[in-house]
Amino acid sequence: RSVYDDQPNAHQRFMEKLDACIRNHDREIEKMCNFHHQGFVDAITELLKVRADAEKLKVQVTDTNRRLQDAGKEVIAQTEEIIRCRVQQRNITTVVEKLQLCLPVLEMYSKLKEQMNVKRYYSALKTMEQLENLYLPRVSQYRFCQIMIENLPKLREEIKEISMSDLKDFLESIRKHSDRIGETAMKQAQQQKTFSTALQKQNNVSYGRNVHLGRSRFMESKNEITLKRTFEEDDEHEEEVLTAQDLVDFSPVYRCLHIYSVLGDGEIFENYYRKQRRKQARLVLQPQSSMHETVEGYRRYFSQIVGFFVVEDHILHVTQGLVTRTYTDELWNMALSKIIAVLRTHSSYCSDPDLVLELKNLIVVFADTLQGYGFPVNRLFDLLFEIRDQYNETLLKKWSGLFRDIFEADNYSPIPVANEEEYKIVISKFPFQDPELDKQSFPKKLPMSQSVPQIYIQVKEFIYASLKFSESLHRSSTEIDDMLRKSTNLLLTRTLSSCLQNLIKKPHIGLTELVQIIINTTHLEQACKYLEDFISNITNISQVTVHTARLYGLSTFKDARHAAEGEIYTKLNQKIDEFIQIADYDWTMSESDGRASGYLMDLINFLRSTFQVFTHLPGKVAQTACMSACQHLSTSLMQMLLDSELKQISMGAIQQFNLDVIQCELFASSEPVPGFQGDTLQLAFIDLRQVRHYRIFPFQVMFLTHLCHLLFYFSRMKDSSKKNNIFAQFRKNDRDKQKLIETVVKQLRSLVNGMSQHT
């Protein structure tokens with residue numbers, strides 16, 4: 001311990017003591033060896049004596065053993081052979097007995113493994129059932145049988161998992177191929193319908209030719225194209241007509257249904273299948289956000305839905321209980337509500353009538369296809385009537401732009417025709433008849449401008465476009481006729497009427513253009529009966545039918561004419577006001593110029609030239625415009641004479657004004673517009689004429705007029721002062737002011753009465 005405690009000199013002392021201990025032990029060992037040395041020597045001596053005898057004995061024993069072994073080898077060999085043979089014989093007998101019991105089990109298990117490898121799971125389940133009930137109980141004492149028994153439930157679960165995996169692959173497959181299945185089903189339904197429709201239309205082509213030339217050519221070419229396309233498609237698909245079974249392998253569904261039915265889990269499988277298909281239905285019914293932008297988006301959407309329900313219909317008819325008619329009807333009603341909501345939303349974004357028409361055609365094919373599989377589609381056709389209204393709205397917007405372009409491009413001049421060919425071209429576009437014009441020689445001019453036949457053609461094109469939507473809607477000719485007339489009425493009463501009203505109100509439209517617009521609307525109004533005949537020829541519905549609607553174009557064009565007439569009156573009055581504004585009377589002049597004012601002569605010349613343009617207008621319109629202009633001129637001159645700012649007027653100015661009035665009377669008596677009876681037009685200047693006819697001095701008239709104005713002004717001031725100053729009686733200044741106003745009014749009234757009696 002002192003060594004480890006590291007005491008001073010501890011190690012040295014330890015080594016000294018250790019050396020002393022070693023020396024003591026060496027002395028003791030030496031004493032011990034010296035004591036026993038003699039006995040050891042004696043023992044060795046005795047062993048050396050016995051050594052020779054031991055070697056002899058060993059040689060004898062070895063020789064004896066060798067001779068004994070050689071003598072017993074053959075006996076031992078024969079004995080061992082006998083024992084081995086007897087054991088083998090007993091084992092063989094036992095093995096044969098046990099194998100006779102085990103071989104059928106092993107064969108059935110081997111068969112089970114083979115069935116599993118080739119994916120014959122339904123047969124494998126039957127084999128398992130035989131093993132469990134018949135074979136395994138006979139050899140249940142063996143360990144391998146216990147292993148088999150333990151493996152059978154695992155194999156069943158494996159079969160369920162594999163069949164379920166196959167089912168999931170099947171569901172994924174039909175999800176991917178739904179659009180292709182639907183596209184194929186829709187194409188087949190469309191081909192069948194197109195072929196029957198084309199044959200029917202081809203039989204009616206000869207009748208259609210007698211209906212209307214333009215319509216017959218349109219229908220004839222359409223029939224030929226449709227038949228050709230139908231026959232070509234039939235040739236292409238004659239060799240192979242694809243169905244849902246050709247595009248999708250339904251065997252996983254059958255296997256899975258049989259397996260789960262055998263395992264007693266048929267209800268679980270049915271619930272799982274229906275749940276997964278409902279999820280897929282929701283995914284299929286969910287549209288893309290940009291679906292409304294292209295027709296391909298709608299086509300893919302419809303194809304997926306058709307493919308989904310074609311598969312369900314196939315499952316319904318080839319399986320028992322997996323899906324029921326109640327289940328498919330419930331699923332279809334849910335889908336139909338979603339489809340209608342989606343189409344309402346996305347179709348509202350469509351502003352292109354061609355896209356809306358394509359959508360309508362897709363909906364019709366979609367409905368016809370599913371109707372062929374037994375699904376009710378009446379709500380889809382009801383939706384088409386809603387989309388039809390939207391289609392008409394998009395058509396109205398499109399045609400509104402077309403009408404505006406036509407009006408913008410029109411020169412508002414009569415159509416010149418140089419020869420018979422040009423004349424026939426015009427009347428082939430527009431139903432114009434005028435026996436008087438026919439008698440004239442070429443070149444000549446038709447009264448309407450170029451926009452009239454263009455508008456008429458566009459109205460017919462609108463009817464054709466509206467008719468396209470009405471086709472394939474399973475509606476009677478009477479209903480289609482009613483649709484066409486209603487949509488045409490909307491075009492005339494709303495779109496065309498609005499365009500005409502906006503055109504009339506445009507500032508760059510002058511009197512000449514307004515006159516031409518009135519003439520144009522007159523001819524368009526006369527052409528409405530031809531539009532009615534045109535619709536009747538298309539629908540084969542006579543106009544004498546009780547329920548046939550009439551076109552409202554008459555009121556549309558009458559309203560437009562009235563607006564144009566009103567605008568003519570307004571613009572004439574505005575032009576008169578422009579001339580009046582440049583009038584510069586010198587009310588202090590001493591003598592008149594001896595002739596009418598220059599501004600008035602320019603105004604009268606303008607009116608003469610303007611009324612000459614009115615020769616093509618209806619007589620009442622021209623007469624009303626002339627009377628309105630004369631009355632407005634008379635009123636303007638009277639207002640100028642009675643202007644409150646006119647403080648004084650000389651006799652020379654009165655004489656000059658009188659010359660202008662005489663010129664106005666001469667203009668009225670010259671009958672600028674024919675049709676006035678007697679001096680009807682001159683009556684417009686009767687107020688101004690009285691100044692000269694009764695020889696009332698103009699100054700007196702003017703003075704009396706000014707006095708009347710002053711009297712009216714102070715009377716109003718008096719009444720206003722009484723109403724507004726309720727407390728005026730308490731203020732002296734207000735009382736004095738009121739008295740002064742009353743005094744002035746009394747004096748003016750007496751002066752006016754006295755002067756009126758004198759004159």
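What you see is a predicted model, and the numbers here were worked out from it, not measured in a lab.
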What is the distance from atom OG1 of T570 to atom CD of E567, rounded to the nearest 0.5 Å? 5.5 Å
Apply salt bridge (charged side-chain N to carboxylate O under 4.0 Å, His left out) to E513 and K571, showing your working. CA-CA 12 Å; E513 288 81 1; K571 288 186 179 293; over 6 Å; no
Without swapping roles, check the side chain of D482 against the backbone of T478 for a donor-acceptor pair under 3.5 Å. no
State the CG-NZ distance between L336 and K338, to the nearest 0.5 angstrom. 13.0 Å
Short question: side chain of K468, backbone of I463 - any donor-acceptor pair under 3.5 Å? no
Distance in Å, L600 CG paired with I662 CD1, rounded so as to fall on 0.5 Å steps: 11.5 Å
Can you check whether F469's main-chain N or O pairs, donor with acceptor, with Y391's side chain at less than 3.5 Å? no
Mind checking whether S451 and N520 have side chains closer than 4.5 Å, heavy atoms only? yes
Locate the shortest heavy-atom distance separating A622 from V673; write the atom from each residue and the value. CB-CG1, 3.6 Å
Can you tell me how far CZ of F375 sits from CG of L380, rounded to the nearest 0.5 angstrom? 12.5 Å
Tell me which one of T521, I415, I457, L524 satisfies side-chain contact (heavy atoms from CB on, under 4.5 Å) with V452. L524
Heavy-atom side-chain contact between S337 and R379 under 4.5 Å: yes
Looking at Q501 and S497, would you say the former's side chain and the latter's main chain have a donor-acceptor pair under 3.5 Å? no
For the student: nearest non-hydrogen atoms of S449 and P453, plus distance: O-CD, 3.5 Å
Using the salt bridge (charged side-chain N to carboxylate O under 4.0 Å, His left out) rule, take R561 and E525 through it: C-alpha gap first, then chi angles, then the decisive distance, then the call. CA-CA 10 Å; R561 271 202 308 278; E525 178 182 347; 2.5 Å; yes
Between L637 and I580, is there a side-chain heavy-atom distance shorter than 4.5 Å? yes
Taking the side chain from K360 and the backbone from I387, do they hold a donor-acceptor pair closer than 3.5 Å? no
Are the side chains of E578 and I582 in touch, meaning some heavy atoms are under 4.5 Å apart? no
Under 3.5 Å: donor-acceptor pair, side chain of S303, backbone of R299: yes
For Y456, does the six-membered ring have the charged nitrogen or CZ of K429 within the cation-pi criterion, i.e. under 6.0 angstrom from the centroid and within 45° of the normal? no
Check: D410 side chain, I406 main-chain N or O, donor-acceptor pair, under 3.5 Å: no
Please find the pair of heavy atoms, one from T369 and one from Y373, that lie closest to each other, and give the distance. O-CD1, 3.1 Å
Looking at K529 and D533, is any side-chain nitrogen of the basic one under 4.0 Å from a carboxylate oxygen of the acidic one? no
Decide side chain to side chain contact (heavy atoms under 4.5 Å, CB included) for I509 and I504; before the verdict, give the C-alpha distance in whole Å, the side-chain angles of both, and the deciding distance to 0.1 Å. CA-CA 7 Å; I509 298 296; I504 292 170; over 6 Å; no
Main-chain N/O of S476 paired with E479 side-chain donor or acceptor, under 3.5 Å: yes
Hey, what do you get for CG (L572) to CG (L607), rounding to the nearest 0.5 Å? 7.0 Å
Return yes when atom OH of Y349 has more than 12 non-hydrogen atoms of other residues, nucleotides or ligands closer than 6.0 Å, and no otherwise. no
Where do F462 and F403 land on the ring pair (Phe, Tyr, Trp, His ring centres under 6.0 Å) test, with the steps shown first? CA-CA 12 Å; F462 177 86; F403 289 153; 8.4 Å; no
Determine whether a donor-acceptor pair (N or O, by modelled atom type, separation under 3.5 Å) exists between the side chain of K187 and the backbone of E183. no
For the backbone of I518 and the side chain of T522, can you confirm whether one donor and one acceptor N or O come within less than 3.5 Å of each other? yes
Within 45° of the six-membered ring axis of F407 and under 6.0 Å from that ring's centre, is NZ or CZ of K506 located there? no
Quick one: pull up OG1 in T394 and CG in D389 and give me the separation to the nearest 0.5 Å. 10.5 Å
Could you check whether the rings of F606 and F579 sit parallel, tilted or perpendicular, using 30° and 60° as the cut-offs? tilted
R608 vs F667 side-chain heavy atoms within contact, under 4.5 Å: yes
Going through the checks in order, is the side chain to side chain contact (heavy atoms under 4.5 Å, CB included) test met by Y423 and L446? CA-CA 9 Å; Y423 180 73; L446 302 182; 3.6 Å; yes
Close side-chain approach of Q516 and P414, heavy atoms under 4.5 Å: yes
Name the orientation class of the two ring planes belonging to F366 and F302 (parallel below 30°, tilted from 30 to 60°, perpendicular beyond 60°). tilted
Are the side chains of L681 and M627 in touch, meaning some heavy atoms are under 4.5 Å apart? yes
Tell me if the CD atom of E671 is crowded by more than 12 foreign heavy atoms within 6.0 Å. yes
For Y599 and I604, run side chain to side chain contact (heavy atoms under 4.5 Å, CB included): C-alpha distance rounded to whole Å, both residues' side-chain angles, the deciding distance at 0.1 Å, then the answer. CA-CA 9 Å; Y599 86 91; I604 291 175; over 6 Å; no
Decide if atom NZ of K424 counts as having more than 12 heavy atoms of other residues, nucleotides or ligands within a radius under 6.0 Å. no
List the atom of F432, the atom of P447, and the distance in Å for their closest heavy-atom pair. CZ-CD, 3.6 Å
Over all atoms of both residues, closest heavy-atom pair of V306 and A185: CG1-CB, 4.0 Å
Can you find a heavy atom in the side chain of M448 that is under 4.5 Å from one in the side chain of F430? yes
Could you go step by step and tell me if N392 and L395 meet the side chain to side chain contact (heavy atoms under 4.5 Å, CB included) rule? CA-CA 5 Å; N392 286 336; L395 285 181; 4.2 Å; yes
Residue pair L491 / W399: nearest heavy atoms and the distance that separates them: CD1-CB, 3.9 Å
Return yes when atom CD of E420 has more than 12 non-hydrogen atoms of other residues, nucleotides or ligands closer than 6.0 Å, and no otherwise. yes
Go through R404 and S400 one step at a time and tell me if the side chain to side chain donor-acceptor pair (under 3.5 Å) criterion holds. CA-CA 6 Å; R404 287 196 300 268; S400 177; 2.8 Å; yes
Apply side chain to side chain donor-acceptor pair (under 3.5 Å) to the pair S487 and R388, showing each step before the final yes or no. CA-CA 10 Å; S487 59; R388 182 200 62 188; over 6 Å; no
